[in-house]
Amino acid sequence: AHVVAVLWTRKGLCVGLEGDAAEALRCADRALAIAPEYVPGWFSKGAALDSLRRTPEAIECYRRVQRLDPGNQLVEKVLAGIAARGRRSV
């Protein structure tokens, strides 16, 4: 992956952990503008969108991860968690 895309993704993860999901999303978008096939960038974008309660868009990102990295176990777990959460919501 392009080193700048990696750095944007890592910055996004850090600001996301600090609670700034909107900035995390901006960082993921910057990373993906540089490297559109960068799996961690799509994963980070999905996490940021999910934190912003934009779940349908997050699922689209995680589906992209599935297409780019078939068999990715982490994305399978995340999607299963989203599905379970949806079944519990009122």
Side-chain angles (χ1 to χ4, degrees):
H2 191 284
V3 67
V4 177
V6 173
L7 293 174
W8 276 114
T9 300
R10 288 183 180 169
K11 178 182 178 183
L13 291 172
C14 290
V15 296
L17 288 172
E18 292 175 348
D20 191 347
E23 181 62 19
L25 178 58
R26 285 189 285 276
C27 291
D29 283 337
R30 296 280 303 262
L32 293 169
I34 296 164
E37 304 298 307
Y38 185 49
V39 170
W42 285 106
F43 207 102
S44 296
K45 183 172 181 169
L49 287 164
D50 198 31
S51 292
L52 293 167
R53 300 189 190 285
R54 293 167 56 183
T55 305
E57 293 169 86
I59 290 170
E60 289 177 26
C61 293
Y62 294 134
R63 296 279 184 230
R64 182 76 174 260
V65 170
Q66 286 179 313
R67 287 192 298 277
L68 293 171
D69 187 15
N72 183 308
Q73 295 297 310
L74 182 56
V75 79
E76 299 300 329
K77 289 179 183 178
V78 168
L79 285 168
I82 290 172
R85 190 175 69 213
R87 287 190 295 272
R88 286 193 306 265
S89 65
V90 176

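- The main-chain N or O of Gly71 is found under 3.5 Å from a side-chain atom of Gln73 such that the two form a donor-acceptor pair.
- Looking at every heavy atom in both residues, Tyr38 comes nearest to Val6 through OH-CG2, 3.3 Å.
- Legend: residues meeting side-chain hydrogen bond (donor to acceptor under 3.5 Å, both in side chains) with Ser51, ordered by chain and number and at least two apart, are absent.
- Here the closest heavy-atom approach between residue Leu13 and residue Ser44 is recorded as CD2-OG, 3.5 Å.
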Go through the steps to decide whether Val75 and Trp42 satisfy the test side-chain contact (heavy atoms from CB on, under 4.5 Å), and finish with yes or no.
-> CA-CA 11 Å; Val75 79; Trp42 285 106; over 6 Å; no
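- When the side chains of ILVMFWY residues are joined at heavy-atom separations under 4.5 Å, either directly or via intervening members, Leu32 and Phe43 end up in a single hydrophobic cluster.
- Heavy-atom minimum distance, Gly41 versus Thr9: CA-OG1, 3.8 Å.
- Within the model, atoms CZ of Arg53 and OG1 of Thr55 stand 8.0 Å from one another, a figure rounded to the nearest 0.5 Å.
- Closest heavy-atom contact between Ala5 and Ala35: CB-CB, 3.8 Å.
- We find the CG-CG distance between Leu25 and Asp50 to be 12.0 Å, quoted to the nearest 0.5 Å.
- Note that CG of Leu79 is 9.5 Å distant from CG of Leu74, once rounded to the nearest 0.5 Å.
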With a 3.5 Å cut-off and sequence neighbours excluded, list the donor-acceptor pairs that the side chains of residues 56-69 form with protein atoms.
residue : atom : partner : partner atom : Å
Glu57   : OE1  : Arg54   : NH2          : 2.8
Glu57   : OE2  : Arg54   : NE           : 2.9
Tyr62   : OH   : Gly46   : O            : 3.4
Tyr62   : OH   : Ala47   : N            : 2.9
Arg63   : NH1  : Gln66   : OE1          : 3.0
Arg64   : NH2  : Glu37   : OE2          : 3.3
Gln66   : NE2  : Glu76   : OE1          : 3.3
Gln66   : NE2  : Glu76   : OE2          : 2.9
Asp69   : OD2  : Asn72   : ND2          : 2.9

